[in-house]
Amino acid sequence: MNLSDKIKIAKQTAMVAGAFCLLISLLLLLHFLQMRSADPLDSQVLETLVERLAMEPGNEQLKNEIRQFDLLARKAYFTSLWQVRTGGFLLLFAAIILVAALRIYFALIARIEEPPGEEETAELTGRVLSRRWIMGGTAILVILALAASLTVSDPIERYLADIAYPEKAEEQVERITITDPEAPPAEDTPVPIPDTPATGEEPDRQPADTPAEPGRPDPKPDEPAEPLKPSFPDQTTIRQNHNAIRGPWSQGVVYHENLPLEWDGASGKNIIWKVPIPLHAYSSPVTWGDRLFVTGASERERKVFCFDRHTGDLLWEASAANIPGSPATPPETTPDTGLGAPSATTDGIGVYAIFGTGDIIALDMDGNRMWARNLGVPDNHYGHSSSLVSHKEKLFVQYDDRNRGRILCLNVHTGETIWDITRDSDISWASPILADVDGNYQLVVKGNPIVAGYDIKTGGELWTVNAMSGEVGPSPGFGGGLVYAANEYATMVAIDPASGAVVWQDNFYLPEVASPVYGNGYVFIATTYAVLACLDAKTGELLWEYDTDDIFYSSPMVAGNRVYVTDTSGNTYIFETGSEPILIGKNALGEEVYTTPAFADGRIYIRGEKHLYCIGI
Amino acid sequence: MKHITIILPVLLLLAIAITDQSHAQQRFPAPEFESGYEYPEVAAPEPRTLALEYVDVMVLLGFMLLTSWLVIRKRSRQWILWLSVLALLYFGFWKGGCICAVGSLQNMALSFSDPSYAVSYTVIAFFMLPLAFSLAFGRVFCASACPLGVIQDLVVINPVRVPVWIQRSLGIFPFVYLALAVLYAATGTDFIICRYDPFVGIFRMGAEFHLVILGISFLLIGMFVARPYCRFVCPYGALLKVTSMFSKYHLSITPAQCIQCKLCSGSCPFGAIEKPTTGKLMDDMKGRSGKFLLYAALIPLLVLVGGLTLSSAHVFLAKAHPDVYLAHLLIEEPAIINDPDNLDVQTFLASDRTLEELVVSAGEIQATFRTGTRYAGAFIGLVAGLFLVSQYVVRRRTDYEPNRGDCYSCGRCIRYCPVQKQDA
């Protein structure tokens with residue numbers, strides 16, 4: 001084989017390999033264009049079917065169609081991947097042949113070049129040009145850097161300055177809001193129930209004794225009121241309602257009169273109305289004016305329900321759906337907790353509810369969404385169960401999970417975070433309460449192992465007592481100037497929230513779920529071994545104990561000189577708050593109860609496993 | 001045959017079509033309703049055993065030892081070529097281009113800035129070995145152990161001679177890239193050398209669209225401008241260039257006395273052969289000693305200007321960090337949280353972090369960038385100054401010699417030298 005033959009073979013090989021490369025490339029190009037026009041990952045048909053399924057969730061035929069299309073799309077997608085990969089390998093193989101053939105071809109036709117002549121000036125010219133281009137290139141880099149510095153502003157610096165000087169930042173609150181102030185999607189609009197006109201009593205918008213917010217001047221009489229920020233209810237108004245679990249400020253004390261002492265669920269005695277609850281949950285009812293709110297949750301949906309508390313009519317329901325960050329699949333929970341264990345709270349301006357998915361939602365009194373956000377899915381093996389409590393523009397969320405102890409304070413108007421603290425606490429299921437200490441409210445929170453008081457303005461820790469252990473479920477109690485915290489397998493402590501000092505400690509009767517409550521100088525403990533115990537609030541001395549028929553999950557409530565407590569069988573025991581166990585009444589509901597009742601003048605509202613009861617005379 | 005060289009680029013451009021899957025997600029999304037199907041548990045692949053990592057180090061060491069022997073003693077271009085093919089197959093297509101010495105400099109930079117970042121002995125070896133060998137034998141790593149270099153070397157078909165001023169001017173860019181790569185790695189922002197590695201998509205038969213285009217472009221250009229990535233981009237090459245300048249046993253074109261036949265002068269596709277210095281050049285340079293001193297005196301000014309200038313762009317550069325980018329986005333466009341398709345924002349919203357935490361973190365990162373850009377800018381200014389000064393420095397040469405910084409020790413020039421070893 002002579003040189004020309006070798007050149008010829010190399011040339012022909014290169015041409016064949018080149019043609020093969022061209023063919024494969026064209027096929028890949030066609031495939032590319034085809035996939036762009038009909039991307040299996042972006043099937044309009046599938047999207048339309050899924051939208052239809054959202055409207056007809058029970059349509060099995062539709063589900064089957066979706067499955068078939070889904071399978072088809074998957075096959076198309078994976079076939080496409082195979083084609084691309086195979087084509088890629090063939091192209092690589094052909095390209096290697098092509099390059100090798102070309103290298104051989106050019107090597108064979110190469111001729112020894114004639115050595116260049118002396119180029120004395122070339123080197124000098126090259127150096128001069130190099131110098132100029134290096135200088136020019138450096139100048140270009142400088143210009144680019146300066147241009148980059150001019151094109152970008154630094155919002156972070158401004159934002160951090162705003163945090164440091166919040167009063168200057170007030171005007172820019174809207175700019176940094178990270179919640180959705182817009183109207184919710186159609187799915188989330190409240191569903192009004194016909195023929196049930198809402199006649200809710202308007203809260204006191206301008207209470208005379210409401211102090212001005214810190215940092216805000218008192219509004220002058222001739223200044224128009226801010227339309228977007230209605231005033232918050234004063235203490236008197238709050239006491240007239242049952243706006244959080246365990247009543248005002250979640251302290252377990254209500255201020256209503258003429259409460260019923262006798263009822264019977266089986267016979268309907270003093271049962272004013274009884275209605276089924278559309279969606280099960282372990283959250284407790286809360287009330288405001290004529291309205292009563294409960295939440296419900298399942299794997300598929302989370303909802304807030306508003307009832308007319310006089311008639312039991314369902315006024316509206318609102319879904320906590322389409323919340324950014326909400327998990328597509330809810331976290332696993334145990335059946336005794338579920339996704340709807342936390343109770344909602346209300347301030348007469350809005351209703352605020354949180355669910356085990358980490359979704360928190362604010363609705364106005366007509367069920368329109370004000371804002372919603374997801375706080376991150378809680379890592380909680382039973383399910384998140386800490387209820388909400390609010391004070392003026394602040395909504396407090398105890399969010400202890402297995403990752404960290406955490407409390408958030410959100411703005412009730414916007415949902416934006418006012419403060420967010422990590423605390424030295426493990427997972428817990430207790431709820432925060434508000435305690436008026438020397439004229440200032442403290443947020444008192446239990447956890448494992450600490451009981452602590454927090455400055456509601458900043459989230460700063462005011463005091464902490466290391467006393468709890470195990471799985472902390474009961475919330476703190478407050479009254480007589482002391483905080484009462486107890487937990488099964490730990491201890492019970494009475495703490496002076498002004499100093500954080502432990503006043504007394506006792507280990508005899510300890511609750512596992514129900515929270516301790518203070519009333520008229522006594523502290524009441526309802527245990528999961530069916531004992532109601534009464535202690536002297538000042539000394540911790542055990543005054544009496546009463547064995548009941550069943551265990552307590554529902555927390556005892558104090559109303560006037562009586563304490564109401566309901567066991568899980570639905571029997572409500574009514575005792576006088578005194579140093580002797582004087583049982584005034586024992587009333588059977590006929591349905592299991594795991595929630596804490598809500599109270600209004602002459603009315604008690606109990607959420608059973610399936611029904612909501614209104615009890616009154 | 002000329003047609004082939006015209007058609008070839010067209011063919012390879014068409015090959016970008018293979019990247020069409022880059023438009024799609026790599027994983028098919030889950031069905032949008034609960035079907036009762038239980039997803040299999042996701043199993044993460046086991047990491048490579050330490051023994052295999054050590055094997056890689058030993059292979060690298062073996063390649064460089066062998067290359068050094070082939071370059072210095074055996075003087076065989078053919079053997080170097082086949083060894084480089086083996087390296088391409090092993091470090092490129094078999095190992096997918098990772099770990100490589102080029103990217104390892106980022107690991108090293110991060111480990112210096114972040115004490116909590118542990119860098120393995122393998123990475124240290126991959127970073128140090130080529131540098132150590134270049135100090136002794138020149139850039140033998142580039143010759144036949146670096147898959148990025150080898151794949152370019154193999155497609156050199158009809159190289160053109162790049163004018164010396166272009167080569168020297170563009171030669172500053174690898175140092176700029178080096179400064180930025182170290183800055184981004186040390187701040188924990190990104191490993192930009194790996195992210196923008198143009199050849200890894202070819203090694204792994206799949207990459208993002210723009211990367212495949214970049215890789216193919218480099219190969220197409222590389223058919224006529226040899227090793228464009230190595231010469232004008234590679235940041236690790238910048239380090240090797242410096243160390244190789246001081247190499248003790250570097251490749252020599254001739255094994256004995258140069259006979260000044262000039263046959264080798266056009267043999268190097270990288271323009272790395274330096275001619276003997278002429279009297280005129282030496283005289284000219286002597287006359288410019290004043291300028292040499294002037295530019296040398298300007299170096300501190302360039303360092304200062306570089307530091308201050310790049311520092312002024314620290315916010316722009318810091319936006320490459322995910323936290324800074326997200327913080328800017330959320331502050332400047334708060335309505336973005338309503339965009340369900342913005343995965344960055346949605347992931348943040350689903351996390352435990354608050355906006356304040358994010359912004360504070362971003363502020364700290366920006367502050368780090370402010371400091372980092374000062375050093376990086378000063379380094380670039382220093383390099384620019386040294387490049388300028390180097391234009392007034394001439395080493396007296398009587399023979400044709402490889403430029404120790406630019407020579408890749410590929411051995412092409414050896415074949416052109418008519419002087420035989422036994423002549424020595």
Side-chain angles (χ1 to χ4, degrees), chain A residues 11 14-15 18 21-22 25-26 28-29 31-32 35 39 41 50 53 70 74 77 81 84-85 87-89 91 99 102-103 105-106 113 115-116 120 123-124 126-127 129-131 133-134 137-138 142 145-146 148-149 152 154-156 159-160 163 175-178 180 324-325 374 376 417 420, chain B residues 1 4 7-8 11 14-15 17-18 20-21 24-25 28 31-33 154-155 157-158 164-165 168-169 172 176 205 262-263 265-266 278 280-281 284 305 309-310 312-313 315-316 319 327-328 330-332 334 337-338 340 346 349-352 354-356 359 362-363 366 380 384 387-388 391:
Chain A
K11 183 178 175 180
M15 289 181 78
C21 278
L22 183 65
S25 299
L26 283 175
L28 286 169
L29 189 64
H31 177 271
F32 172 65
M35 294 305 285
D39 186 355
L41 293 178
V50 169
L53 184 68
D70 188 74
R74 283 165 195 275
Y77 175 74
L81 283 188
V84 168
R85 194 159 183 80
F89 275 114
L91 188 64
V99 168
L102 284 174
R103 280 181 68 104
Y105 173 79
F106 280 104
E113 290 181 31
E120 291 190 346
E123 177 69 23
L124 279 171
R127 285 174 182 260
L129 281 173
S130 301
R131 203 165 55 242
W133 277 95
I134 289 167
T138 308
V142 169
L146 290 174
S149 68
V152 178
D154 188 2
I156 289 175
Y159 187 94
L160 292 173
I163 294 174
R175 182 174 57 77
I176 59 172
T177 296
I178 60 166
D180 180 8
N374 185 279
T417 303
D420 179 356
Chain B
M1 200 61 194
I4 290 248
I7 291 168
L8 188 63
L11 289 174
L14 285 174
I18 67 171
D20 66 342
Q21 80 267 40
Q25 293 168 243
F28 203 93
E32 299 196 18
F33 57 88
L154 292 177
V155 299
I157 291 172
N158 196 12
V164 69
W165 62 270
R168 287 182 184 169
S169 308
I172 199 171
V176 176
M205 296 301 292
K262 303 177 187 175
L263 287 173
S265 61
T278 62
K280 182 174 171 34
L281 181 67
D284 191 83
V305 169
T309 310
L310 200 63
S312 70
V315 175
F316 175 83
K319 280 184 78 175
H328 277 246
L330 287 170
I331 295 171
E332 291 176 333
I337 61 161
N338 299 321
Q346 295 307 322
L349 291 175
S351 72
D352 289 340
T354 64
L355 182 61
E356 275 186 26
V359 175
Q366 277 194 183
I380 294 169
F387 263 65
L388 281 173
Q391 304 311 309

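Just so it is clear: chains get the letters A, B, ... in the order the sequence lines come, proteins before strands, and each one is counted from 1.
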Validation row: L28(A), F32(A) side chains within 4.5 angstrom (heavy atoms): no
Beyond-backbone contact of I134(A) with Q391(B), side-chain heavy atoms, under 4.5 angstrom: yes
Heavy-atom pairs under 4.5 Å with chain A: which of V164(B), L388(B), V176(B) has the most? L388(B)
Residue from A350(B), S351(B), A384(B) scoring the most non-hydrogen pairs under 4.5 Å with chain A is A350(B)
Holding to side-chain contact (heavy atoms from CB on, under 4.5 Å), I want the full list of residues that pass it with A327(B), two or more places apart in sequence or in another chain. I156(A), L358(B), V359(B), A362(B)
Side chain, backbone, both or neither: which part of S312(B) has a non-hydrogen atom closer than 4.5 Å to chain A? both
Taking ring-ring contact (aromatic ring centres under 6.0 Å, His included) as the definition, give me every residue that meets it alongside F387(B), ordered by chain and number, with sequence neighbours left out. F175(B)
Just so I understand: if I count every heavy-atom pair under 4.5 Å between each of G137(A), S149(A), G325(A) and chain B, which residue has the most? S149(A)
